[in-house]
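Below is one structure; the comments refer to it alone.
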Amino acid sequence: MMRSAYGGASCQCCNPGGQWRGTGPGHHEGAPSRGGNGATPACSPAGPGTAGGFLPGYTAEDWEQFNSTQDGVNLYRWWADWIPTVEGQTWCANKQREARTLVDGMIRQWGLETLRSGEGVIDIGGDPGFAAAELLRSGVPVTVVDPGFGQAGKANSWTSQVLQDPSNWQRVPAGKVPFRLIRRPFNQDFVDEPEHASLLGGASALVSLYPDEATDFTLFFSASRGMRTAVIPCNECAQYFPKHDPTYEGFVNFLLERDMHQVSCLGGQRAALRRDWLSGSPFCQVVLQRTPPCDWAAALPRGPGGHWPPPEANPARHAAARQGLWR
């Protein structure tokens, strides 16, 4: 499979058609293995394929080194040449639609002003910026944390224009920086650095579309902080599927069960993840979301395993409302 910008094997929605079977940092010939990073917080996961800890992710330096190899050059050129084609533009349009559906769900679940508050939303592994662009279009400040942002050749003109649009300063709350980019892996080292304390402490939510090897730490961090979270787990990253049930369904259930255990260990008034459906998304329709208890009073009632956004946003799906919807 192709490597994602964050360093993990990308799924079909990130690797359209799978035509180019390139690799990524740490996986070209002669590169060292990227195993667990040793130190494991209390109640932290020993996820599939880890050595009792979190996968550390790749650094910006790893990506620069990889892009100096022939594999890196080939991977970048494949994406950069493919994006402007009719197929590439169709893929970009579908990725934009997916991101819009997710952002609409976040707004409906937590409220626009809530997302606009504090430091805004942190988008983990957000290359090339589809989710960030849709957040900005809604007036939500966003910080992308991704060491490989711009390194994989996936940039497209529409997303780049939105991220750089000067009018974003008028859309977001006064005094807020609309778009920030931090080319670092989202891991314990990132969290422990004092310079990131205000960002992490003031973020209104975490979002990540197909976080690959960042999945474990992202979910553990969001549980430990009790943060609003929306994650679409990678549906083709079989290397992360649990051995006892090596399917996507098994992977999703594993993440939910482990999160429930982590929340129980951490104690306090923390909410566990719940599984909902991303109505109308052209790719994977599973979304795992965490809504703090204080937010549920403002959310419209619905049953478990619902759809996000709710079907009233799409009249053709109104009949599904009886099954319980993520509102």
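In this text, all values refer to a predicted model and were calculated from it rather than measured experimentally.
- Checked against side chain to side chain donor-acceptor pair (under 3.5 Å), T159 has the following partners two or more places apart in sequence or in another chain: N156.
- Residues satisfying the side chain to side chain donor-acceptor pair (under 3.5 Å) criterion with D259, sequence neighbours excluded, are R290.
- R171 pairs by the salt bridge (charged side-chain N to carboxylate O under 4.0 Å, His left out) definition with D165, not counting sequence neighbours.
- Grouping the Ile, Leu, Val, Met, Phe, Trp and Tyr side chains by contacts below 4.5 angstrom, directly or via other members, places V103 with L112.
- In this structure, the side chain of R274 does not engage the main chain of Q289 through any donor-acceptor pair within 3.5 Å.
- Counting heavy atoms from C-beta outward, L102 and V287 have side chains that approach closer than 4.5 Å.
- With sequence neighbours excluded, no residue forms a side chain to side chain donor-acceptor pair (under 3.5 Å) with Q164.
- Checked against side-chain contact (heavy atoms from CB on, under 4.5 Å), A203 has the following partners two or more places apart in sequence or in another chain: I122, M227.
- By the 4.5 Å side-chain criterion applied to Ile, Leu, Val, Met, Phe, Trp and Tyr, V263 is assigned to no cluster and stands alone.
- For D189, the salt bridge (charged side-chain N to carboxylate O under 4.0 Å, His left out) criterion is met by no residue, not counting sequence neighbours.
- For the pair L200/E119, no side-chain contact is recorded, criterion being any heavy-atom separation below 4.5 Å from C-beta on.
- A donor-acceptor distance shorter than 3.5 angstrom exists from the side chain of T101 to the backbone of R97, with no hydrogens or angles considered.
- By the salt bridge (charged side-chain N to carboxylate O under 4.0 Å, His left out) test, R100 pairs with D104, E134, sequence neighbours left out.
- Other residues sharing the hydrophobic cluster of V86, ordered by chain and number and joined by side-chain separations under 4.5 Å: none, the residue standing alone.
- Separation of atoms NZ (K154) and CH2 (W78) is listed at 9.5 Å; rounding is to 0.5 Å.
- Between H244 and F254, the ring planes are tilted. Angles from 30° to 60° get that label.
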Using residues 192-199 as the side-chain source, report each donor-acceptor pair under 3.5 Å to any protein atom, sequence neighbours left out, with the distance given to one decimal.
from: D192; atom 1: OD1; to: Q188; atom 2: NE2; distance (Å): 2.9
from: E193; atom 1: OE1; to: R184; atom 2: NH1; distance (Å): 3.1
from: E193; atom 1: OE2; to: R184; atom 2: NH1; distance (Å): 3.1
from: E193; atom 1: OE2; to: R184; atom 2: NH2; distance (Å): 2.7
from: H196; atom 1: ND1; to: F190; atom 2: O; distance (Å): 2.9

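- Here the closest non-hydrogen pair linking Y248 and C234 is CE1-O, 3.3 Å.
- Using a 4.5 Å heavy-atom cutoff, the side chains of R228 and T291 are not in contact.
- Taking the six-membered ring wherever Trp is involved, the centroid distance between the rings of F221 and F186 falls below 6.0 Å.
- Scored by the side-chain contact (heavy atoms from CB on, under 4.5 Å) test, S68 finds no partners at all (sequence neighbours excluded).
- Every residue meeting the salt bridge (charged side-chain N to carboxylate O under 4.0 Å, His left out) condition with E249, not counting sequence neighbours, appears here in chain and number order: R275.
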